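As the structure is a prediction and not an experimental result, all values here were calculated from the model.
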Amino acid sequence: MEKDTSHLMKRAEHFKTILTAEGFLVGAVAGVVVLLYRIILEYANKGMNKVLEYARQEPLVAAFWFIALFIIALIVGKLVKYEPMISGSGIPQVEGEMMGKLNQVWWRVLPAKFLGGFLALFSGLSLGREGPSIQIGAMTGKAVSQTLDRGRTEEKYLITCGASAGLAAAFHAPLAGVMFSLEEIHKNFSVSVLISVMTASITADYISSQFMGFQPVFQFDVGKEMPPQYYWHIVILGVILGVMGVIYNKLTLKVQNMYFKAKCLNETTRLFIPFLLAGILGLVMPQVLGSGHFLIDRAAEGKMILTSLFVLFIVKFLFSLICFGSGAPGGIFFPLLVLGALLGGIYSTFAVQYMGLDASYISNMVLLAMAGYFTAIVRAPITGIILIFEMTGQVSQMLSMSLVSIVAYLVASALKSEPIYESLLNGLLKRRGERIPESKGEKLLQEFVICHNSLLQDKMIQQIEWPKNCLMVSIKRGGNELIPKGRTILFPGDILVTLTDEKDAPAVYDYMEEVCAEKKK
């Protein structure tokens, strides 16, 4: 229940200290919960590899595996129907919660996401652990908030702390957890939330690292920084990543819409497609199953031929779209890093063969492509740079990572592609019946002169019925410019300046011309 104003005022005196202590508590609890999730996913991956090893040798085992996949798809479908908020990565759901447009029930989301994510990864779907970890962490923060009987305002702080702790524990990336939760989830950098989020993130990372180790997620050696004479390669790579990021975003939304618009499919039957495909690929191309961690190491080694890189990228790209679009519990965070690494491997291998790039810099280009592709898709460049730095331990690549991220960001923005999580949230809200404002083009300034004896003469602004889709931004009177206020009186010769969406400009123009020129009766 929301606390009354007097209670909030009393807590405000020590709010920063209280919030920091609560951040520590959320970080500790979320760290343990996400650690357990990370451990069961490790067992899921090992179990899948064991099963597929036998299935490729014994046809009978393969037949039983397909039957098992059918049953698992049924179970995951029932979980998604039981709790729709576990569908997909979970990051859009957390963002919707922070905006006040969604209200997740933590005690339903946590067990359903846990089991659904485990079954999806065990089956080999091309999904990541990061989105679910962020959602699980956020719901842990909500659980702590409601257990302590905190108000909604404070609850949002603790949800942010939990989201940060989830990413930190999932990837051994505490700084990236802080930046992502502030840049993408909370969208606020106040001191109070920053300190509490940092506390939660560091606490969760320490707990997770005690069991999983303190070494970076990726162990490949990048070597030395790329020299300036090769920076033009970084610019070209950034452009490619920006374009491919836009394609990824558009196709992700397109595939998702195709799934949901198909009348013959529901929460369960949608999942049969990726689960069946995972069974087939497990027999013929197991490299593309799961999150694809080892593909990044393979691409960074620089020993793969160009054709193999192309094939792996295309299959992984399409398989990831099919898996995520189906609504299965799992994220796109890690798969998109894999796709970025493969793009970096493709470009650098091509550049070595045909453009004079030194082969020793292939691993550099793979690392840079991961940061650039993440930035182009998620549109969170600071988080992307810090995330790759923490996951690889390569601090020497900061300048080149910044360059490729900036180029990828600018290209994706120029092509008018929205950030993926924002687009996914809008799609989720639309399916729930929420009305999402549509873009109406550029904003236009228009000027209108008040004529003598018009309807506007000698009237206050608040007395006039203005068009609904325009904003009065200025009044030019003689050599002065006035700020419009409700009690401002309009006189003949005044020039009214309005701000209007491009789509509404013609209708607003006609209306304003009429009222400015029309004679009094």
- request: State, to 0.1 Å, how close I461 and P484 come at their nearest heavy-atom pair, and which atoms those are.
  value: CD1-CB, 3.7 Å
query: Would one find more than 12 heavy atoms of other residues, nucleotides or ligands at under 6.0 Å from atom OH of Y230?
result: yes
- line: A173 and L387 have their tightest heavy-atom pair at CB-CD1, 4.0 Å
query: Looking at E465 and K459, does any basic side-chain N land under 4.0 Å from a carboxylate oxygen?
result: no
message: Could you check whether R379 makes a cation-pi contact with Y421, meaning its NZ or CZ is under 6.0 Å from the centre of the six-membered ring and within 45° of the ring axis?
response: no
task: Please tell me if the side chains of L158 and L19 come closer than 4.5 Å, counting only heavy atoms from C-beta onward.
output: yes
Under 3.5 Å donor-acceptor, S454 side chain and A517 backbone: no
May I have the list of side-chain donor-acceptor pairs in residues 244-251 shorter than 3.5 Å, sequence neighbours left out?
from	atom 1	to	atom 2	distance (Å)
N249	ND2	I377	O	3.4
N249	ND2	S417	OG	3.3
N249	ND2	E418	O	3.2

message: Do T252 and I332 have side chains that approach each other closer than 4.5 Å (heavy atoms only, starting at C-beta)?
response: no
field: Non-hydrogen side-chain atoms of F389 and Q397 separated by less than 4.5 Å
entry: no
message: Any non-hydrogen side-chain atom of E154 less than 4.5 Å from a side-chain atom of E22?
response: yes
query: Going by atom types only, do K316 and S126 share a side-chain donor-acceptor pair under 3.5 Å?
result: yes
Quiz: residues 338-348 side-chain donor-acceptor pairs under 3.5 angstrom, not counting sequence neighbours:
from	atom 1	to	atom 2	distance (Å)
Y347	OH	H233	ND1	2.8
S348	OG	G344	O	2.7
S348	OG	G345	O	3.3

query: If you count the non-hydrogen atoms of other residues, nucleotides and ligands that lie under 6.0 Å from CE in M258, is the total more than 12?
result: no
query: Can N426 and S423 be counted as having a side-chain donor-acceptor contact under 3.5 angstrom?
result: no
task: Please report the closest heavy-atom contact between M226 and Y231, naming both atoms and the distance.
output: O-CE1, 3.3 Å
field: Within 6.0 Å of CZ in F260, more than 12 heavy atoms from elsewhere
entry: yes
query: Taking E513 for the side chain and Y509 for the main chain, is one N or O donor matched with an acceptor at less than 3.5 Å?
result: no
message: Donor-acceptor check, side chain of E130 to backbone of F333, threshold 3.5 angstrom: yes or no?
response: yes
- request: Locate the shortest heavy-atom distance separating F374 from L336; write the atom from each residue and the value.
  value: CA-CD1, 3.6 Å
field: T488 side chain to K485 backbone, donor-acceptor under 3.5 Å
entry: yes
Side chain to side chain, L337 and M391, heavy atoms closer than 4.5 Å: yes
field: Under 3.5 Å: donor-acceptor pair, side chain of R108, backbone of Y82
entry: yes
task: Please tell me if the side chains of L102 and L428 come closer than 4.5 Å, counting only heavy atoms from C-beta onward.
output: yes
message: Taking CZ in R477 as the centre, count heavy atoms belonging to other residues, nucleotides or ligands within less than 6.0 Å. Is the count above 12?
response: yes
Nearest atoms (heavy-atom pairs only) where A168 meets P174: CB-CA, 3.7 Å
query: Between L496 and M512, is a side chain to side chain contact (heavy atoms under 4.5 Å, CB included) present by the stated rule, with each step listed?
result: CA-CA 9 Å; L496 308 181; M512 292 297 295; 3.9 Å; yes
query: Do you know the tightest heavy-atom contact between E390 and L175?
result: OE2-N, 3.0 Å
- request: Name all residues meeting the side-chain hydrogen bond (donor to acceptor under 3.5 Å, both in side chains) criterion together with K156; count only those two or more places apart in sequence or in a different chain, and write none if there are none.
  value: none
- prompt: Does a side chain donor of either Q104 or K142 reach within less than 3.5 Å of an acceptor in the other side chain?
  reply: no
- prompt: For the residue pair F180 and F171, is the inter-centroid distance of their aromatic rings smaller than 6.0 Å?
  reply: no
